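Given the structure is predicted, the values throughout are model-derived calculations rather than measurements.
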Amino acid sequence: MSTKPDLRVASYLSPPDMHRLDWACRPVYDAFGSPPYLVGSVLTRPDFRDIDLRLILPDADVDRLCSIGTNMADRTLGSAVRLLLNIAISDLIAKAANLSWPIDFQIQSMTEANVPEHGQRNPMGIRWDHTR
């Protein structure tokens, strides 16, 4: 007797929620030229508590954008700018997508993002063509 294999899902968001989140991420893609990625527990567990989005940029771009370093623990102007952007973009996406869960948006350098334990990623905001 065989057991039924587990069904693999792309995320634990409903299709309408995923559609709204993708639409809400388009301005980030347009502004930075890189898509934010859906990551974290929403991709792996039905009991996720928030929606994690990461904008992964080249290390040099993060350095330029935030004026200094990529360590959020630094109490520097660069870290303050980065934190402000993270909070503002989280709020922008949350309001535009109108979902039931909080959005945790973070800008990450490639070095920060490309560690094995970070798991899978789903690009967001790339499904909308403004030219049509």
Show me the donor-acceptor pairs, under 3.5 Å and distance only, between side chains in residues 46-57 and residues at least two apart or in other chains.
| unit_1 | atom_1 | unit_2 | atom_2 | d |
| --- | --- | --- | --- | --- |
| D47 | OD1 | R45 | NE | 3.0 |
| R54 | NH1 | D104 | O | 2.8 |
| R54 | NH2 | D104 | OD2 | 3.4 |

Q) Of all residues at least two apart in sequence or in a different chain, which pass the side chain to side chain donor-acceptor pair (under 3.5 Å) check with S34? A) none
Q. What's the verdict on side chain to side chain contact (heavy atoms under 4.5 Å, CB included) for Y12 and T44, showing C-alpha distance, side-chain angles and the deciding distance?
A. CA-CA 7 Å; Y12 284 95; T44 61; 5.5 Å; no
How many angstroms lie between [atom1] in [X] and [atom2] in [Y], if you round to the nearest 0.5 Å?
X: L85; Y: F105; atom1: CG; atom2: CZ; result: 8.0 Å
X: D59; Y: T111; atom1: CG; atom2: OG1; result: 3.0 Å
X: D22; Y: N122; atom1: CG; atom2: CG; result: 8.0 Å
X: S109; Y: D61; atom1: OG; atom2: CG; result: 10.5 Å
X: I93; Y: L99; atom1: CD1; atom2: CG; result: 10.5 Å

Q: Please collect all salt bridge (charged side-chain N to carboxylate O under 4.0 Å, His left out) contacts where either partner lies in residues 85-98, sequence neighbours excluded, each pair once.
A: D91-K95
Could I get the full list of side chain to side chain contact (heavy atoms under 4.5 Å, CB included) partners for [X], not counting sequence neighbours?
X: N98; result: none
X: A96; result: W23, A24
X: P16; result: S14, R20

Q) What are the two closest non-hydrogen atoms of L38 and V42, and how far apart are they? A) CD1-CG1, 3.5 Å
Q) Short question: side chain of R82, backbone of I107 - any donor-acceptor pair under 3.5 Å? A) yes
Q | Minimum side-chain heavy-atom gap E112-Q106 below 4.5 Å | A | no
Q: Side-chain contact test, heavy atoms from C-beta onward, threshold under 4.5 Å: evaluate it for L21 versus M124 and give yes or no.
A: yes
